[in-house]
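When reading the values below, keep in mind they use all heavy atoms of this one structure, side chains included, and skip hydrogens, waters and symmetry mates. So that the names make sense, note that chain A is the first sequence line, chain B the second, and so on, each numbered from 1.
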Amino acid sequence: MKELIRQLVRDAVYAARKEKRADLPDPEQLNIEVSRAKDPKHGDYATNAALALAGQARMKPRDLAHILATYVPEKNDIVTNVEVAGPGFINFFMAEDLWRQVLRQIHRERDRYGHDASAKRPRVLLEFVSANPTGPLHVGHGRGAAVGDTLARLLKSQGYPVATEYYVNDAGNQMKILGRSIVFRLKELAGESIVFPEKHYVGEYIRDLARDLLGSPNGKEILALPEDAAVEKAAEFAYPRILEGIQADLHDFGVAYDSYFFESTLHSEGLVARVVQELREKGKAEDKDGAVWFVMEDAEDEKDRVLIRATGEPTYFAADAAYHKNKLGRGYDLLIDLWGSDHHGYVPRVKAALQALGYPDDVLSVLLVQFVTLVREGRKISMSTRAGEFETLRKVLDEVGPDAARFFFLTKRCDSHLDFDLDLAKKQSRDNPVYYVQYVHARIASIFRIAAERGIDADMTDPDLSALSLPEEVRLIKHLADFPDMLADAAEALEPHRITFYLVDLADFFHAYYHDNRVLTEDARIKKARLFLVEAVRQVVANGLAILGVTAPERM
RNA sequence: GCGCCCGUAGCUCAGUUGGAUAGAGCAACGGACUUCUAAUCCGUAGGUCGCAGGUUCGAAUCCUGCCGGGCGUACCA
């Protein structure tokens with residue numbers, strides 16, 4: 001719908017230019033902004049084109065607005081009224097019947113309504129969660145999973161070819177620490193009294209893994225090995241099992257990846273060495289103090305960063321440079337990474353590396369996901385691993401279920417801190433936005449059930465839409481019409497949380513309408529039109545929930 | 001010290017990339033069930049958008065400086 005207005009404005013600019021009414025640029029070059037009017041007095045849509053172009057045309061914004069307005073055709077079936085208002089906005093009043101046609105479109109397109117495959121989009125590789133396989137996922141990862149998976153669905157709905165990937169850090173320090181943690185527990189099981197070192201994994205799952213390892217074939221031999229070999233064996237035994245657990249958690253959370261990428265392959269295939277060499281050739285890497293450093297420009301990052309340690313081991317940064325180059329080498333145009341916000345200082349580094357390798361700055365978008373605090377009975381639950389009380393995603397899933405969890409993770413923009421209230425997520429009332437939205441779907445399904453029981457003809461062909469003339473009905477229809485624009489804007493801004501806000505608004509409009517008006521009325525004409533309307537509402541709720549990965553229940 | 005993010009109603013948060021009179025929900029207060037699900041609805045009240053300047057037709061939004069909070073500042077990831 002916005003595009004329709006944009007075209008009208010473009011035409012007006014073109015006509016005004018042609019008749020030399022104003023000094024205006026070629027409208028094709030113009031990025032014309034169209035927005036929904038907040039106040040019904042301002043019509044349905046507004047453009048600030050006159051305000052934006054007044055400077056160049058050397059005219060007063062209002063004068064230019066009046067000129068442009070005269071070139072917008074007012075017809076009964078599209079735009080019924082055009083007004084200039086405020087400092088120079090042009091307001092558009094759309095024909096009510098045009099809005100109603102949206103209902104036919106929804107019925108025609110069904111679960112494709114809101115989807116847009118028309119534009120040619122860049123190929124996207126979306127990487128998210130990528131938690132180290134050293135322990136189970138916690139709720140922070142859950143948020144990353146919900147945001148990432150929803151973003152993938154959102155982008156796909158707008159025609160982006162999207163692949164999702166999980167980067168598995170199965171190499172380097174974390175693996176050593178994991179292996180060592182297990183070896184310590186093994187020694188403990190063997191009766192040695194040990195002091196558990198700091199910065200190692202202490203969760204009960206490490207004990208379980210140690211026990212499993214001991215019980216495995218040749219498991220007992222491991223303690224006879226030299227320390228380093230034992231640590232390596234322990235890590236090799238443990239990480240695939242932990243990763244399996246992570247995958248099971250993700251599966252139960254409704255998240256499926258197109259691929260898993262293992263850091264170890266970067267090393268074994270020499271990709272890290274190759275990227276360091278390439279940087280060296282480009283004069284972006286040099287030796288200093290026995291290590292190899294990435295040379296940072298002033299504008300990129302505050303200081304140079306080590307690629308290869310004096311010990312000869314590559315840093316995580318070197319591996320990441322190789323990994324991102326590898327991703328682009330696989331033919332993607334745009335990389336999107338979701339990182340925990342504690343990694344934000346790392347963004348300039350990776351971007352600088354990509355630029356040094358010859359890629360444009362905007363080839364990588366990093367979304368930073370803020371931390372989650374669990375709240376129960378109004379009190380924050382400590383997230384410390386030691387407390388071990390309630391930090392895993394699994395426990396949250398067991399308690400509130402995937403629907404509520406996914407929806408809640410998307411009730412805030414991802415860069416703002418989230419309090420996840422467990423009691424609220426289980427509550428069955430208006431307070432809980434998940435139920436509030438799902439209830440719309442269930443209520444409408446219920447109407448059709450009752451209609452069937454009563455033998456009412458719920459035939460959807462050719463209703464008389466002029467029967468939908470109540471202000472609440474028009475408001476509802478206009479909101480349904482906004483769905484495609486909302487999705488397009490959310491995808492462009494990479495902001496999946498807009499979908500939850502949209503759905504809560506839609507639920508507001510529907511519940512109010514439902515409360516005051518009966519769908520199954522005596523008047524056959526009104527009944528048929530209203531059934532047509534609520535079925536469209538049901539469809540849009542279902543489509544929105546589908547992008548969120550949340551179920552749309554038939555009854556509650 | 002330096003860098004990044006944040007500061008909006010008592011609480012939790014939106015605010016369409018600079019637009020018109022700053023919006024929701026919760027909590028508070030007052031109402032609505034003989035009905036297609038009250039897991040719902042209607043109403044009242046609530047604000048110096050942290051503070052001070054600047055940019056312009058126009059600022060919660062952009063710039064500068066303070067105040068307050070979070071994170072980062074590794075040859076960890």
Side-chain angles (χ1 to χ4, degrees), chain A residues 2 33-39 41-42 46 48 51-52 54-55 60-62 85-89 91 130 132 134 169 172-174 177 199 263 288-293 301-303 305-317 319-320 340-348 368 370-371 375 378 411-413 415-419 421 424 427-433 435-436 438-440 442-451 453-454 456 482 485-486 489-490 492-493 495 497-498 501 504-505 507-508 510-521 530-531 534 555-556:
Chain A
K2 273 190 192 174
E33 244 179 77
V34 170
S35 60
R36 255 346 269 284
K38 282 180 231 166
D39 188 334
K41 285 202 287 281
H42 299 142
N48 65 350
L51 291 155
K60 287 183 184 160
R62 280 195 66 104
F89 290 103
N91 293 332
S130 298
N132 289 339
T134 53
N169 296 109
N173 243 327
Q174 295 306 312
I177 295 172
K199 289 188 177 173
E263 182 192 351
K288 193 168 60 186
D289 304 330
V292 183
W293 297 71
D301 197 5
E302 48 202 39
K303 54 183 282 198
R305 304 290 178 177
V306 170
L307 290 161
I308 309 287
R309 285 168 220 163
T311 59
E313 290 170 294
T315 60
Y316 182 85
F317 174 43
D320 234 359
S341 62
D342 54 331
H343 286 61
H344 71 79
Y346 198 72
V347 177
L368 298 171
Q370 269 283 1
F371 292 124
V375 175
T411 53
K412 306 248 155 74
R413 18 180 337 126
D415 54 8
S416 96
H417 183 95
L418 174 71
D419 282 334
D421 189 325
L424 180 59
K427 225 187 221 176
Q428 302 188 340
S429 72
R430 171 72 182 87
D431 312 4
N432 185 339
Y435 284 91
Y436 189 66
Q438 287 183 317
Y439 190 37
V440 173
R443 269 187 152 172
I444 295 170
S446 177
I447 293 173
F448 282 96
R449 266 199 306 278
I450 300 284
E453 279 167 21
R454 293 185 190 166
I456 292 170
D482 285 340
D485 286 334
M486 181 279 296
D489 292 346
E492 197 193 328
E495 290 185 353
H497 74 276
R498 293 192 196 181
F501 285 92
V504 169
D505 283 344
D508 265 330
F510 174 76
H511 286 309
Y513 173 67
Y514 175 92
H515 190 267
D516 294 338
N517 302 284
R518 297 189 62 76
V519 173
L520 303 176
T521 57
R530 287 185 177 173
L531 280 168
V534 299
R555 51 179 95 223
M556 288 170 75

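Taking the O4'-C1'-N9-C4 or O4'-C1'-N1-C2 dihedral as appropriate, B/rU40 has a value more than 90° from 0 and is therefore anti. B/rC33 shows a glycosidic angle within 90° of 0 and is accordingly assigned syn.
Among residues two or more places apart in sequence or in another chain, the salt bridge (charged side-chain N to carboxylate O under 4.0 Å, His left out) test is passed with A/K427 by A/D431. Applying the salt bridge (charged side-chain N to carboxylate O under 4.0 Å, His left out) test to A/D301 and every residue at least two apart in sequence or in another chain returns A/R305, A/R349.
Taking atom C1' in both B/rU12 and B/rU40, the straight-line distance is 22 Å, to the nearest Å. Annotation: B/rG19 and B/rG3 have their P atoms spaced 28 Å apart (nearest Å). Atom name C1', nucleotides B/rA9 and B/rU34: the rounded distance is 40 Å, in whole Å. Separation of the P atoms belonging to B/rU8 and B/rC13 is 9 Å when rounded to the nearest angstrom. As rounded to the nearest Å, B/rA14 and B/rG7 have P atoms that lie 8 Å from one another. Across the P atoms, B/rC51 and B/rA45 are found 25 Å apart, a figure rounded to whole Å. Separation of the C1' atoms belonging to B/rG18 and B/rU56 is 10 Å when rounded to the nearest angstrom. For the P atom pair drawn from B/rU64 and B/rC2, the interatomic distance equals 14 Å after rounding to whole Å.
With rounding to whole Å, A/R413 atom CZ is found 19 Å from B/rG23 atom P.
At a threshold of 4.0 angstrom between heavy atoms, the contacts of A/E33 are confined to the sugar-phosphate backbone, with no base atom among them.
A sub-4.0 Å separation between OP1 or OP2 of B/rU12 and a side-chain N or O of A/S416 is absent. When the side-chain nitrogen and oxygen atoms of A/R454 are compared with OP1 and OP2 of B/rC36, one or more of them lie within a distance under 4.0 Å.
Sequence order on RNA chain B of the closest nucleotides to A/R518 and A/N48 puts A/N48 first from the 5' end.
Residue side chain A/H497 does not reach the base of B/rA14 through any donor-acceptor N/O pair under 3.5 Å, judged by distance alone. No hydrogens or angles were tested; on distance alone, nothing pairs the side chain of A/D342 with the base of B/rA77 as donor and acceptor under 3.5 Å.
Salt bridge absent: A/K412 and A/D419 never bring a charged side-chain N and a carboxylate O closer than 4.0 Å. A salt bridge links A/D508 to A/R430: at least one charged side-chain nitrogen sits closer than 4.0 Å to a carboxylate oxygen.
When distances run from any side-chain atom of A/K412 to the nucleotides B/rC75, B/rA77, B/rC13, the shortest one goes to B/rC13.
Side chains of A/H511 and A/R443: a donor on one and an acceptor on the other come within 3.5 Å. Judged by distance alone, the side chains of A/E263 and A/N169 do bring a donor and an acceptor atom under 3.5 Å apart.
Taking the six-membered ring where tryptophan is involved, the planes of A/Y514 and A/F510 are tilted, since the angle between them lies from 30° to 60°.
Residue-nucleotide stacking is not present for A/H344 and B/rG72, judged by a side-chain ring centre under 5.5 Å from the six-membered base ring centre and planes under 30° apart.
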Please write out each protein N/O paired with an N/O of nucleotides 39-45 of chain B under 3.5 Å, distance rounded to 0.1 Å.
unit_1	atom_1	unit_2	atom_2	d
B/rA39	O4'	A/Q428	O	3.0
B/rA39	N6	A/M556	O	3.0
B/rU40	OP1	A/R430	N	2.5
B/rU40	OP2	A/R430	N	3.0
B/rU40	O2'	A/R443	NH1	3.3
B/rC41	OP1	A/Y436	OH	2.3
B/rC41	O2'	A/H515	ND1	3.2

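Using the Watson-Crick or G-U wobble rule with both distances under 3.5 Å, B/rG47 pairs with nothing in any strand shown. Using Watson-Crick or G-U wobble geometry with both donor-acceptor distances under 3.5 Å, B/rG3 finds its partner in B/rC71.
The environment of NZ in A/K288 is crowded: more than 12 heavy-atom neighbours from other residues, nucleotides or ligands sit within 6.0 Å.
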